[in-house]
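Numbers restart at 1 for each chain; the letters A, B, ... are given by sequence-line order, proteins then strands. Fair warning: this is a prediction, and the values are worked out from it, not measured in the lab.
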Amino acid sequence: MVRREKLARLQAEGRDPFSRLTWNQTHHSAEIKRDFEALENKGVSIAGRVMSFRDIGKAAFIDLQDRDGRIQVYLNAEGLGEEAYAEVKTWDVGDIIGVEGYVFRTRRGEMSVHAKGMTLLAKALEPLPEKFHGLKDPEIRYRRRYLDMVMNPQVMDTFKKRTRIIRAIREYLDTRGYIEVETPILSTIASGAAARPFVTKSNALNLQLYLRIATELYLKRCIVGGMERVYDMGKNFRNEGIDIRHNPEFTMIELYQAYADYKDMMELCENMIAFAAEQVCGSAKVIYQGTEIDFTPPWRRLTMTDAVKQYGGIDFSGVKTDEEARAIAKAKGFEHELKKKLKDCTKGDILNAAFEAFAEKELIQPTFIMDYPTDISPLTKQKPGDPTMTERFEAFVYAREISNAYSELNDPIVQLDRFTQQAKERELGDDEAYMLDEDFVSSLEVGMPPTGGMGIGVDRIIMFLTDAYSIRDVILFPTMKPNN
RNA sequence: GGGCCGUUAGCUCAGCUGGUAGAGCAGCAGACUCUUAAUCUGCGGGUCGGAGGUUCGAUCCCUCCACGGCUCACCA
């Protein structure tokens, strides 16, 4: 008899498993194994999914999987009664069942539950993937994550860790006086970052809206309003390419602290991530894809100019004009790294391109790259004494950017100039240039204290702490095309 | 968007220079009171991702399409 027939028979007999409402689950598998000495011969009531069924005639063994793992169930006619034992034998791998019984150890030493009563709580009409090789096809794993979770314990472990990492970050900030807020996801202006937004529409307002690409400009309004320390951790949406490091929707935390600067943000960044690593991995040192990454503070600090000097052998410290910089780009042959035509590039564009071409890939251990060109940092305060550079850093791990932070620009007049410059970039064809947010500029006119701010790609942190190769392995339901 | 690779039974995979498909597990029927990838006996299971083309004949060769993976480009 196949599964649907078995279900129909049960329903015809008035024993529809789908009509079951609750089950008194007194213990989980891991608990029984952990507290075995205390629980031996005691009654327990467990529930879960049948992962294998080894029928040896007058007795049988079931591997029952719950949230925490698996526990073996031993059943025979003596324990259940002839009728119930025969009934249980009609159940299938994949079914959800409840088991009441007592804890014992089999002759082979396996900690098990000896069944005294068993109930079918839900019927599985679709068979599970193969028990030994499991589910490997990445397409099925991502599309039907529930199967991936059932079949691959590592997946459940990763997503439990994800939750703990996020909780560790919140704990770190909450205990330091940060207020968590929720800023809008729908907005008429998608600003605060350089990225193409998703576009949607409000029927009620008859208005084109964007999904947020950053929370920055709203969080700074909260600083203007007097919150002093504030953060938003949630989804951002960027209409860009998809690869092992990018999912169109991803989790980012942005935080802002009044009366602080980017150096304070550096300390916060390294301490917070080390804290999360210790909480979840038990150490600030983790292995990522076979390489040890040491998050122990303090992380290495290096200016962008020094990084380019060290890894590219190019010294920009004496370069004064855009013309000189263009000549260097040509001579060193990294013009192809530039996003704009060479003649439109400033010294800042060229320094940044040199950094990306020569230095970025070398930054394996956590490193802060400090002092970014003003041209590519429109929301950032300039360095005292050098208006071409800003008080900004990005943190790199394993050649990937994990955070971006700065001493926030709080001069409304300069801010408006920077937005105006961005508008020109947009006219030159850069559809990722920052959009002007006039209300944000107005908020700065009300007065924003000197402030340090930082954004961290939460999924990427989770990747490092769970040794995940792809961002899809830390996002439960990654963005996929429909397949029909 | 470009390049490379993949798509065969529910799952994991074979399938040689072109002759209309196999294994293991899962499933079904049976045996077995300590198994744990249980074992043993027997049985069924496929529009070979889709559409065209070449050919006497296509899972195999060619073209296009779909989806996925990797990679490059793009990307705070």
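Counting non-hydrogen atoms under 4.0 angstrom, R392(A) reaches the backbone sugars and phosphates but no base. Contacts of I244(A) with the nucleic acid, taken as non-hydrogen atoms under 4.0 Å apart, involve only primed sugar atoms and P, OP1 or OP2. Using a 4.0 Å heavy-atom distance criterion, E78(A) is classed as a base contact. Across all strands, Y469(A) comes closer than 4.0 Å only to sugar-phosphate atoms, never to a base (heavy-atom distances). No contact: R141(A) has no heavy atom under 4.0 Å from any strand.
Remark: the backbone N or O of T479(A) is not paired with any side-chain donor or acceptor of E249(A) at under 3.5 angstrom.
Using a 4.0 Å cutoff on non-hydrogen atoms, the parts of residues 54-63 of chain A near RNA chain B are R54(A), D55(A), I56(A), G57(A), K58(A), A59(A), F61(A), ordered by number. Contacts of residues 246-253 of chain A with RNA chain B (heavy atom under 4.0 Å): H246(A), M252(A).
As rounded to the nearest Å, rG50(B) and rU8(B) have C1' atoms that lie 15 Å from one another. With both ends at atom C1', the span from rU12(B) to rG6(B) equals 15 Å, rounded to whole Å. Nucleotides rG57(B) and rG18(B) have their P atoms positioned 15 Å apart, rounded to a whole Å. If you take atom P in rG68(B) and the same atom in rG27(B), they sit 31 Å apart, rounded to whole Å. Rounded to a whole angstrom, the distance from the C1' atom of rU33(B) to that of rC25(B) is 25 Å. For the C1' atoms, the distance linking rC28(B) with rG44(B) amounts to 7 Å, nearest Å. Comparing the same atom, P, in rC48(B) and in rA9(B) gives a spacing of 10 Å after rounding to whole Å. Rounded to the nearest Å, the gap between the C1' atom of rG3(B) and that of rG45(B) is 39 Å.
Rounded to whole angstrom, the span from the NZ atom of K481(A) across to the P atom of rG69(B) amounts to 11 Å. In this structure, N404(A) places its CG atom 13 Å from C1' of rC75(B), rounding to the nearest Å. Between E240(A) atom CD and rC72(B) atom C1' the separation is 16 Å, expressed in whole Å. Between D148(A) atom CG and rG68(B) atom C1' there is a gap of 15 Å when expressed in whole angstrom units. Atom pair F132(A):CZ and rC13(B):P shows a separation of 13 Å (rounding to whole Å applied). Protein atom CG of L7(A) is 17 Å distant from nucleotide atom P of rG27(B), rounded to whole Å.
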Short N/O separations, protein against nucleotides 21-23 of chain B, under 3.5 angstrom:
none

Could you go over nucleotides 40-46 of chain B and give all protein N or O partners under 3.5 Å, atom names and distances?
none

Within the sub-3.5 Å range, which N or O atoms of nucleotides 7-12 of chain B have a protein N or O partner, and how far apart are they?
| from | atom 1 | to | atom 2 | distance (Å) |
| --- | --- | --- | --- | --- |
| rC11(B) | O2' | E130(A) | N | 3.3 |
| rC11(B) | O2' | G134(A) | O | 2.8 |
| rU12(B) | OP1 | K136(A) | N | 3.1 |
| rU12(B) | OP1 | D137(A) | N | 2.9 |

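For T106(A), taking side-chain heavy atoms from C-beta onward, the closest of the listed nucleotides rC34(B), rC74(B), rC67(B) is rC34(B). Side chain of R107(A), nearest nucleotide from rU36(B), rU33(B), rC34(B): rC34(B).
Using cut-offs of 30° and 60° for the angle between ring planes, the Y102(A) and H114(A) rings count as parallel. Classification of the F61(A)-Y74(A) ring pair by plane angle, with boundaries at 30° and 60°, yields tilted.
For a distance-only test at 3.5 Å, the side chain of Y74(A) qualifies as a donor-acceptor partner of the base of rU33(B).
Taking the charged nitrogens against the carboxylate oxygens, K6(A) and D95(A) have no contact shorter than 4.0 Å, which rules out a salt bridge. Between R9(A) and E5(A), no side-chain nitrogen of the basic residue sits less than 4.0 Å from a carboxylate oxygen of the acidic one, so the salt-bridge criterion is not met. R34(A) has no carboxylate O lying under 4.0 Å from a charged side-chain N of D68(A), or vice versa, which leaves the two without a salt bridge. For E401(A) and R245(A), the salt-bridge test fails: no basic side-chain N is under 4.0 Å from an acidic carboxylate O.
Side-chain nitrogen and oxygen atoms of R245(A) include none within less than 4.0 Å of the OP1 or OP2 phosphate oxygen of rC75(B). For rU36(B), the OP1/OP2 oxygens have no side-chain nitrogen or oxygen of R105(A) closer than 4.0 Å. K6(A) has a side-chain polar atom (N or O) that falls below the 4.0 Å cut-off from OP1 or OP2 of rC28(B).
Comparing K89(A) and I402(A) against RNA chain B, the residue whose closest nucleotide sits nearer the 5' end is K89(A). With the nearest nucleotide of RNA chain B identified for both S470(A) and I213(A), S470(A) has the one nearer the 5' end.
Heavy-atom contacts from other residues, nucleotides or ligands closer than 6.0 Å to NZ of K263(A) number 12 or fewer.
Paired regions of RNA chain B, where each region holds three or more successive Watson-Crick or G-U pairs whose two hydrogen-bonding distances fall under 3.5 Å, are B:1-7 with B:66-72, B:10-13 with B:22-25, B:27-31 with B:39-43, B:49-53 with B:61-65.
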